[in-house]
Amino acid sequence: MWPLSEPTFLEKDFFNVLERTNGLTLCFQDWNVTWYTAHPDLTQCFQHTVLVWFPCFYLWVCAPFYCLYLRFYDNGRISLSSLCCAKTVKIFVSTCLSCLMVFCPVLLVILTEIHCLQILAVLLIHLERLRGFRSSVFLFLFWTLAVICSLVPLRANIQAIIDEVCAFPVYPTINPCPVEDASFLSKVLFWWYGRLAVKGYRSPLQAEDLWSLREEDTSEKIICDLEKEWAKQWAKMQQLSCIRSRKAHIYSHKLCSHSSFFIFGLCLVCFLFFSLLLGFVRDEDAPLWKGYLFAFLMFLLSCLQSLFNHQYMYACFTVGMRVKTAVMGLVYRKSLVINSAARRTCTVGEIVNLVSADTQKLMDFVVYFNAVWVAPIEIALCLFFLWQRLGPSALAGIATVILIFPLNGFIAKMRSKLQVQMKYMDGRIKLMNEILSGIKILKFYAWENAFRERVLGYREKELNALKKSQILYSISIASFNSSTFLIAFAMFGVYVLIDEKHVLDAQKVFVSMALINILKAPLSQLPFAMSTTMQAVVSLKRLGKFLCQDELKLDSVERAPYHPDDNLAMVNFCRINVKVQRGSLVAVVGHVGSGKSSLLSAMLGEMEKKSGHITVSGSVAYVPQQAWIQNATLKDNILFGRERKDSWYQKVLEACALLPDLEILPARDATEIGEKGLNLSGGQKQRASLARAVYRKADVYLLDDPLSAVDAHVGQHIFEKVIGPNGVLKNKTRVLVTHGLSFLPQADLILVMEDGEITEMGSYAELLSRKNTFADFVKAFSAISDTEQEQDQEEVGRLTQADKAHTGRVKLEMYVEYFRTIGLAFIIPVIFLYAFQQAASLAYNYWLSLWADDPVVNGTQVGTDLKLGVFGALGFAQGIAIFGTTVAISLGGIIASRHLHLDLLNNVLHSPMSFFESTPSGNLLNRFSKEIDAIDCMIPDGLKMMLGYMFKLLEVCIIVLMATPFAGVIILPLTLLYAFIQSFYVATSCQLRRLESVSRSPIYTHFNETVQGAGVIRAFGEQSRFILLANSRVDHNQTSYFPRFVATRWLAVNLEFLGNLLVLAAAILSVMGRATLSPGIVGLAVSHSLQVTGILSWIVRAWTDVENNIVSVERVKEYAETTKEAPWAIEDSPLPSDWPKSGSIGFQEYGLQYRRGLDWALKEISLSVNEREKVGIVGRTGAGKSSLALGIFRILEAAKGKIFIDGINIAEIGLHELRSRITIIPQDPVLFSGSLRMNLDPFDGYTDEEVWRALELARLKNFVSGLPDKLNHECSEGGENLSLGQRQLVCLARALLRKTKILVLDEATAAVDLETDNLIQSTIRTQFEDCTVLTIAHRLNTIMDYTRVIVMDRGHITEMDSPTNLISQRGQFYQMCREAGLV
């Protein structure tokens, strides 16, 4: 028997409170039975009343409310299982047996009571089954209470202590989403995730191994709920409504905040038992069982704290995931309805940034926003308990907290102002999107360096803002991490200095330190929560700005039902009044910029209506001037979501002249088309776009110059078979914008436009008879006919490559690569500072334990001032080290990020064109946005946390070993088990991170594609189908994200249980060794061990974040290993500065292939072009015309043979040395966002006078002079605020500005009217008279005065002579001229 002692003051106070609160004083009167004994037990009264009736009371009181809840829960009926039948039969049999036992009235009452409860429970089970309720928390709590309350009477009956802890079995989960059918315990402990973790550990996870999303997590469900809320806010037309629109999700998050309070309450109760344990150590007469009781209670409470904490985090991340889905859905839907003016201000890059970086910040906000208001309340409660310990001295701690808060509030405000980095990031992503879209132009003009510097300019501004923000954040982190010391220093200092009789003993010191450590959690979370909130507010404003952009007005065009006898359209446009009769063909003609395309846009409702009205009866199909092609098969592009009808489908292919193209494509119509139709020629893209419209069988067809990119015979075929009076659309209403005069006589109505007005209107004969502008125009150009030739680019077959995920753990080389870019100069000081920081922390904590154990002499302690001074010096040294470490890691992260971004940019820009054709732009934008953002912020933040908490864990282990060396026996296996569980988890987590990254790229690609083709999608009314496609891509991405954050919670629950075992070990060893241990060292060891669960939780999170985000480094470095094009410049090149001097070109048995294994695009071409010679190149589809141009510019390298310019082999010089000294005017006019001057001269190598001269020669001077900003006129993304013809003239001005000795024209006038084409040809003849000109013929009349004409067919030169001689030979060229009406 252990010696019994009188209760301590603290114990008496504790039980007095317990008696008053419970109201069961009679049951606790016999303290000799319950407390002052070596074998504690409960009284018989308590066992026979409270323990019997408590579960009964719970079931009877709560059952009616639970039945009411089940009434409103209906998820179908669950079939009756054999186990359920067995339970039911067993309960009724037991009840019948109890009724037969009438000989024992007392036993009958007890058994009847028990079995009535069991019958009620069985009835509830069947009610749940009928309502489809699988897992019951209500009955689980009842059975748990019944079992717990029966354990004490069982112990009293058998007189034995039950030490064994019962383990709950793990139930197998086979459902694709296991949480749906998981039991209550499985949900609490995340056992339902275990099966996926095992699968991921055995072999790398694949996308098909992942669970499907729960219905409540799908895009359809979330967006449906959110759109209702958003509609209410949108009606108010206030930008702040965007913030309110998040309420639907934030309200669903309110239950999580209650968990925060409960977790904090568990912390305080745990602190109470810690205080009792210290009192036990001081009292040598206290029985040992009390110490063990306090130790086990601390362990139990720590476990409960872990469980509630991770359920809270799970709920937060689930809501965050739904916020991500909601934001992506809203942004996508908005991008389909914004008007053209808003579209020019909201670029694709900005939209991608909204759904990547801004979405991440909103998700972080959902997780941490509770801390903004919960943390101050927790801080107030901790300070209240400190007041109870130290009295008025606690005011010093309050004053410290009050000083820390304004400082960090000021820092958070300053950091929010520095969020301009998002603006620079937007600009960078926008520019990268343009670079990727116009990469061929950059390579043709050798402009990569100019645009590289523009990107790096944005990047440098972005990193400078980030650097300032991180330094401020480091001050915030240092102040908050030092807050525990500052509060302790202030309180202990005031406490011992105001009265020398105030003694700091172990109980005061370490209970106070335990409270301050509890206080540390809200204090450390608060700056992060405030920072996250500030960033989220900025992101919400950006999101709100986008969501509140002006939308297309539905009343711009009145949609009327189709009636055969009605007029199909009434158009009022400026001073336009037009009626278009059903089934008529209307041709719209006019100069460049006259408003032809705008007229069609008005009919589609794409323009803002100022006055008048437009009525369109029936469905509409639209063919844009620039063909929009999806990254899908040719068949899918034509069907465009409709069901395939073979007879009609074949008829459409034949009418649109696509059957010959199917013979070229390796998989015929199942061949995948690259982004923006990269592996199709200009004519093929236009014919596919036309086929899409024809297949639709619409009532009204709006055709924006679809014949400009096809050659003469194909154009004639399409007009006859599709558009003309005998075509498949002969009974449809057709509005055709065209520059071709040969089609006008067959039009029912011709509209002549100029400066946005219709100047003439009538039939062809009527307009000629009036002898006005149109008649003069026709007379002047009557000999001109369209003879468009197709660009040839024979890259076919399966082209694009999906983003692939690596497998296995991240290679060590990725860590080495990351730290190598930082450099040893940063790494060594960081490690030293962390070691110094933790050494200072260990020293001042140990110093406190020595101070607490210092003997009291005459009611005072000796040397208080010295002890306080040493304590303060060590604490301030730690604070300085914290600031140093956070700043060093932040700056190191910025250095690494700068290098990795630069390497990525260089690798992408040095890649050949084949790389961009096979790599979706979404993959690359993903690297430049999400992955770079992770390297900028996520990796440094993860490293800060991981290193800080790992060193803190090392400190705790050292302190526990100092106090109880025997703890090493426990710490070592726990460490090994910890490492095993961590390694077991990381393989699965990393693979999930990779799968999530890979599934994110198609989202960006789809967003990009949709924004660019929004007009076509709206015209065809396919918005709902594209929304469903976007939903499926987002949901596919979430199937990887959901198990990723569940994995973190699963790991944390397991590892924190190990941490709680360390708490138990430290407490039990302290109880066992209390005879040899001082209260100070026990307090130090146990108070630090209580921090282990929190430390392990943060280590898990930080380690996971680093491991997952280092995947971003891996994905960024992927492109370092791809094939690169030849060097841009060669050192010590013998190339003369004025090369090429004469401009002669020679081909020597030149051969070209687009890819290995494909047919030759050019076959053994041998050709000599003399200086100043003008050579036209013509040929049918696939002849190899444009391949010659690609070969001269080395866009494709020679498979065999050589090309010489002025006698120099171009393969032996740098690419920029070649491309900067010859010029091309390409078929597709590409402009970049920025000033008009930048688009003409990105290197600023020419004077303004030279630029104006070039614009004058290009017939653009008058237009540019009329602009408010003139040369500084801001071009929108892709030059969308200029017409297509104007953009083509800007490309001509570029060539005039460069004026090199060699000029290549690749169908350069396809998008301009005949008069402008004539002016351009005249300019070329005069300004490039002394240059060598190669023209891939657009209109045959433009090359009739050339020196030579080359006729190509299937990669060979079939004819070559002067135009006159070729016509006289009556060969292939003669046939083409005859088709064009030239002979």
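Start at 1 with the first residue, then count along the sequence.
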>> Check whether Phe1026 forms a cation-pi arrangement with Arg333 (NZ or CZ under 6.0 Å from the six-membered ring centre, at most 45° off the ring normal).
In response: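 No; the conditions do not both hold, so Arg333 does not lie above the ring face of Phe1026.
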Kindly write out the residues that satisfy salt bridge (Lys or Arg N to Asp or Glu O under 4.0 Å) with [X], not counting sequence neighbours, or none if the list is empty.
X	value
Arg1287	none
Asp704	none
Arg734	none

> Between Gln1012 and Asn1008, do the side chains contain an N or O donor and an N or O acceptor separated by less than 3.5 Å?
Replying inline: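 Per modelled atom types, Gln1012 and Asn1008 side chains form a pair under 3.5 Å.
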> Side-chain donor-acceptor pair under 3.5 Å between Asp748 and Ser584, yes or no?
Replying inline: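 No donor-acceptor contact under 3.5 Å links the two side chains.
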> Quick one: are Ile718 and Arg687 in side-chain contact, heavy atoms under 4.5 Å?
Replying inline: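 Result yes, sub-4.5 Å side-chain heavy-atom pair found.
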> Under 4.5 Å between any side-chain heavy atoms of Tyr701 and Thr733, yes or no?
Replying inline: no
>> If you apply the rule ring pair (Phe, Tyr, Trp, His ring centres under 6.0 Å), what do you find for Phe1020 with Tyr622, and how did you get there?
In response: CA-CA 7 Å; Phe1020 283 85; Tyr622 172 56; 7.9 Å; no
>> Going by ring pair (Phe, Tyr, Trp, His ring centres under 6.0 Å), name the residues that satisfy it together with His1036, two or more places apart in sequence or in a different chain.
In response: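 Partners of His1036 by the ring pair (Phe, Tyr, Trp, His ring centres under 6.0 Å) criterion come out as none, since no residue qualifies.
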>> Tell me every residue that passes ring pair (Phe, Tyr, Trp, His ring centres under 6.0 Å) with Tyr332, counting only those two or more places apart in sequence or in another chain.
In response: His1006, Phe1007
> Are any of the side-chain nitrogens in Arg696 or Glu1022 under 4.0 Å away from the carboxylate oxygens of its partner?
Replying inline: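 Yes.
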Which residues pass the side chain to side chain contact (heavy atoms under 4.5 Å, CB included) test with [X], not counting sequence neighbours?
X	value
Thr359	Lys324, Val327, Val355, Met363
Ile750	Ala587, Val589, Leu744, Ala747, Val752, Tyr764, Leu767, Phe774
Ala688	Ile629, Leu634
Lys651	Trp648, Val728

>> Surrounding CD of Gln746 (heavy atoms of other residues, nucleotides or ligands, distance under 6.0 Å), is the total greater than 12?
In response: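 It does: Gln746 CD has more than 12 such atoms within range.
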> Quick one: salt bridge (charged side-chain N to carboxylate O under 4.0 Å, His left out) pairs with a partner in residues 621-643, sequence neighbours left out?
Replying inline: none
> Roughly how far, to the nearest 0.5 Å, is SG of Cys1275 from CZ of Phe1232?
Replying inline: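 Going from CZ on Phe1232 over to SG on Cys1275, the span is 11.0 Å.
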>> According to side-chain hydrogen bond (donor to acceptor under 3.5 Å, both in side chains), who are the partners of Arg1033, at least two apart in sequence or on a separate chain?
In response: none
>> Under the rule for side-chain hydrogen bond (donor to acceptor under 3.5 Å, both in side chains), what residues qualify as partners of Asp1035, not counting sequence neighbours?
In response: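 Checked Asp1035 against side-chain hydrogen bond (donor to acceptor under 3.5 Å, both in side chains); matches are Ser219.
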> Counting N and O atoms only, with roles assigned by atom type, does the side chain of Arg1025 sit under 3.5 Å from a partner on the main chain of Phe640, one being a donor and the other an acceptor?
Replying inline: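 Present.
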> Is there a donor-acceptor pair under 3.5 Å between the side chain of Gln1023 and the backbone N or O of Leu336?
Replying inline: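 No.
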> What closest approach, in Å, do Val623 and Pro706 show between heavy atoms, and which atom pair accounts for it?
Replying inline: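 In terms of heavy atoms, the two residues are closest at CG1-CB, 3.9 Å.
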